[in-house]
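Heads up, the thing below is written out as C-alpha cells.
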2 protein chains.
Amino acid sequence: MHQNSVSEFTIRRLPLYLHVLEQFKNEGRASFSATELSRTLGIYHTLVRKDLNVAGLKGRPRVGHMVDEAILQLKSYLGWDRVLNALLIGAGNLARALLGYREMSLTGIRIAALIDCDPAKIGSELCGLTIFSPDDIPRLKREFGIEAGIITTPAETAQAAADRLIAAGITTLWNFTLPVLQTPESTVVEHTHFFSNMAIVTYKHKQANQQSMEATQ
Amino acid sequence: MHQNSVSEFTIRRLPLYLHVLEQFKNEGRASFSATELSRTLGIYHTLVRKDLNVAGLKGRPRVGHMVDEAILQLKSYLGWDRVLNALLIGAGNLARALLGYREMSLTGIRIAALIDCDPAKIGSELCGLTIFSPDDIPRLKREFGIEAGIITTPAETAQAAADRLIAAGITTLWNFTLPVLQTPESTVVEHTHFFSNMAIVTYKHKQANQQSMEATQ
DNA sequence: TAGATTGTTAATCGATTAACAATC
DNA sequence: TAGATTGTTAATCGATTAACAATC
C-alpha cells in the first residue's frame with residue numbers, strides 16, 4: 001500500500017461511480033461493465049477501468065463486474081465502511097445544511113459535536129446537537145473520538161479555528177471558508193471553496209454570452 | 001478573445017489571488033509582486049505570472065503590479081464587475097446557507113428568486129425572499145432578468161429541476177446535488193459535489209493513519 | 001548602473017486517450 | 001469457437017516547473 005501515487009482526480013471520480021452503481025442496484029441489476037459506466041458518466045472507458053483497478057476492483061472478461069461487490073469494494077477503498085467522527089466549528093447556516101445532508105451518512109462522516117465562539121450560541125442547540133465553546137475541543141475530542149474537523153466559520157475566525165483544532169491533535173480538516181489556511185505539513189486539508197465555483201460560473205457564462213453575441217453579429 | 005484555451009485551473013486560482021490582494025489592500029499596500037503572491041499561496045511563481053497574464057494583467061519589471069488595478073482587472077476578467085441574477089431551486093438549508101453567504105456579493109451573483117416544488121413552502125419566505133412554484137420560472141426569468149440557475153434540491157428532483165430551468169432558457173447552472181445531470185451541449189454546468197470532497201477527506205485520513213500506523217510498527 | 005522583477009520559451013511531469021493483447 | 005469485455009502498454013496532450021531573456 002505504499003502507492004502514494006494514486007491521483008486525487010481518481011479519488012474524486014470514485015463517488016461518481018458509486019452513485020451510478022447504487023442506481024444500478026436499485027434497478028435490480030447484478031452486473032455492469034466499465035463501458036456502461038463510461039457512457040453514463042461521459043468519462044473515457046479506459047480511464048474508468050484504470051480507476052476501478054486502482055480501487056482494487058477485478059472484472060472478468062465478457063462478464064464485467066458485480067454490482068454489490070463493486071459497491072462494497074469502492075466504499076472500503078474510500079474508507080466509507082467505517083465511521084469518522086467529526087467536530088464542526090462555526091454553527092451557522094452552512095452547518096445546518098451539512099447536518100441536514102442525508103447523503104453524508106454514506107461516507108461515514110458523522111458530525112458528532114458543534115463548536116462556536118459566539119457566547120450567545122454556546123449552550124443552545126442546532127439540529128439536536130448542543131453547541132460548545134472552543135475551549136471544549138480537547139474534551140470533546142476524547143469523549144467522541146473525534147478524528148476530523150469541519151470549518152464553517154466566517155473567514156475572519158477560520159485560521160483561529162484551524163489552529164485550535166490542530167492544537168487539539170485533529171489532523172484532518174475540511175474547510176469551507178478562507179482560501180488559505182496555514183497548517184503543518186502533516187495536516188490533511190480539503191477545501192470546498194464556493195469562490196472558485198462561482199468564478200467558473202461567471203467566467204463561463206460571460207464567455208458563452210460573448211460567443212453568442214459574436215455569432216449573431 | 002477567441003482563446004477558448006484558458007484553463008479551468010487558471011480560472012479557479014484567480015479568486016485566490018483576488019483574496020490575497022484584498023488583504024494587501026486592507027493593509028494599505030499599493031503594489032505587489034507575483035513572487036509575494038506565489039509565496040503566500042504556495043503556488044509556483046511562474047504559474048502565478050502566467051495566470052495574471054492570462055487575466056490581462058501587465059506588471060512592470062522592478063515594480064510589480066498595482067493592487068487596486070489588479071483587483072479591478074481580475075474582477076472584470078471573471079465577470080465579477082456586473083450583476084448576474086440567479087434563480088435558486090430547492091429552498092432548503094443549503095439555500096439558506098447560500099443566501100447568508102456574505103462573500104457572494106463580491107462575485108456579482110445575486111439570488112433574485114427562490115423556487116420549490118413543495119406546495120407547503122410555496123408562498124412562504126426564506127431569508128426575505130418569497131418561494132415560488134416551478135411553474136413561475138418563465139415569468140420570474142423575464143421579470144428579474146435571470147441568467148443562471150442554482151440547484152439545491154434533493155437528488156431525486158435535481159434532473160427535473162435542471163430540465164425546467166433549461167426549458168425556460170436558462171443556460172448557466174450551478175449544481176449542488178446529483179453527480180450527473182443530462183444537459184444540452186450548450187449549457188454551462190458547474191458542479192459543487194460534497195461527495196468528491198468527502199471522498200478526499202476520508203481517503204486521505206485513512207492513508208495518513210495507515211502510514212502513521214506502519215511507521216510505529 | 002545593477003538588480004529586482006517581469007514575461008517568454010523550453011523541459012518535465014502526469015493525466016487522459018489510443019492501441020493492443022489477454023481472457024472467459 | 002467468436003466476440004465481448006477486461007486490463008496493460010504506448011502515445012498524446014496539457015499543466016506545471018525550470019531556465020532564460022527582457023526591462024525599468
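We use all heavy atoms of the structure for the numbers below, so side chains are in, but hydrogens, waters and symmetry mates are not.
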Sequence neighbours excluded, which residues qualify as side chain to side chain contact (heavy atoms under 4.5 Å, CB included) partners of A:Ser76? A:Asp81
Measure from NZ on A:Lys58 to C1' on D:dT6 and round the result to the nearest Å. 10 Å
For DNA chain D, what residues of residues 13-40 of chain B have any heavy atom nearer than 4.0 Å? B:Arg13
Mind calculating the distance between CG (A:Leu57) and P (D:dT8) to the nearest angstrom? 13 Å
Quick one: A:Asn53 CG to D:dT9 C1', roughly how many Å, whole number? 13 Å
Would you mind reading off the distance between A:Glu8 atom CD and D:dT16 atom P, rounded to a whole angstrom? 13 Å
Under 3.5 Å, is there a donor-acceptor pair between the side chain of B:Asp163 and the main chain of B:Ala167? no
Return the value, rounded to whole Å, for the distance between atom CZ of B:Phe9 and atom P of D:dT16. 6 Å
Donor-acceptor pairs under 3.5 Å, side chain of residues 65-73 of chain A to any protein atom, not counting sequence neighbours: which ones?
unit_1	atom_1	unit_2	atom_2	d
A:Gln73	NE2	A:Ala55	O	2.7

Pair up each side-chain donor or acceptor in residues 90-117 of chain B with any protein partner under 3.5 Å, not counting sequence neighbours, and list the distances.
unit_1	atom_1	unit_2	atom_2	d
B:Asn93	OD1	B:Arg96	NH1	3.1
B:Arg102	NH2	A:Glu156	OE2	3.3
B:Ser105	OG	B:Arg102	O	3.2
B:Thr107	OG1	B:Met104	O	2.7
B:Thr107	OG1	B:Ile109	N	3.1
B:Arg110	NE	B:Asn85	OD1	3.2
B:Arg110	NH2	B:Asn85	OD1	3.0
B:Asp116	OD1	B:Asp118	N	2.9
B:Asp116	OD2	B:Ala91	N	2.7

Partner set under side chain to side chain contact (heavy atoms under 4.5 Å, CB included) for B:Arg29, not counting sequence neighbours: B:Phe24, B:Glu27, B:Phe32, B:Glu36
Sequence neighbours excluded, the answer for side chain to side chain donor-acceptor pair (under 3.5 Å) partners of A:Thr46 is none
Who pairs with A:His19 by side chain to side chain donor-acceptor pair (under 3.5 Å), at least two apart in sequence or on another chain? none
Taking atom P of C:dT6 as reference, at what distance in whole Å does atom CE of B:Met66 sit? 13 Å
Ranges pairing with ranges for DNA chain C, where each run has three or more Watson-Crick or G-U pairs under 3.5 Å: C:3-24 with D:3-24
Residue pair A:Leu84 / B:Val201, side-chain heavy-atom distance below 4.5 Å: yes
Pick out the pairs of N or O atoms, protein on one side and nucleotides 19-24 of chain D on the other, that lie under 3.5 Å.
none

For A:Arg13, side chain to side chain contact (heavy atoms under 4.5 Å, CB included) partners two or more places apart: A:Phe9, A:Thr10, A:Tyr17, A:Ile43, A:Leu47, A:Asp51
Would you indicate which nucleotide in D:dT16, C:dT6, C:dT16 comes nearest to any side-chain atom of B:Leu47? D:dT16
With sequence neighbours left out, write down each residue that passes side chain to side chain contact (heavy atoms under 4.5 Å, CB included) with A:Lys204, or none if nothing qualifies. A:Ile200, B:Glu8, B:Val188
Could you tell me which residues satisfy ring pair (Phe, Tyr, Trp, His ring centres under 6.0 Å) with A:Phe176, sequence neighbours excluded, listed by chain and number? A:Trp174, B:Phe194
For the base of D:dT17, is there a side-chain donor-acceptor partner from B:Lys50 under 3.5 Å away? yes
Please state how far atom CZ in A:Arg49 lies from atom P in D:dT9, giving the value in whole angstrom units. 15 Å
Between B:Leu52 (CG) and C:dT8 (C1'), how many Å, whole number? 15 Å
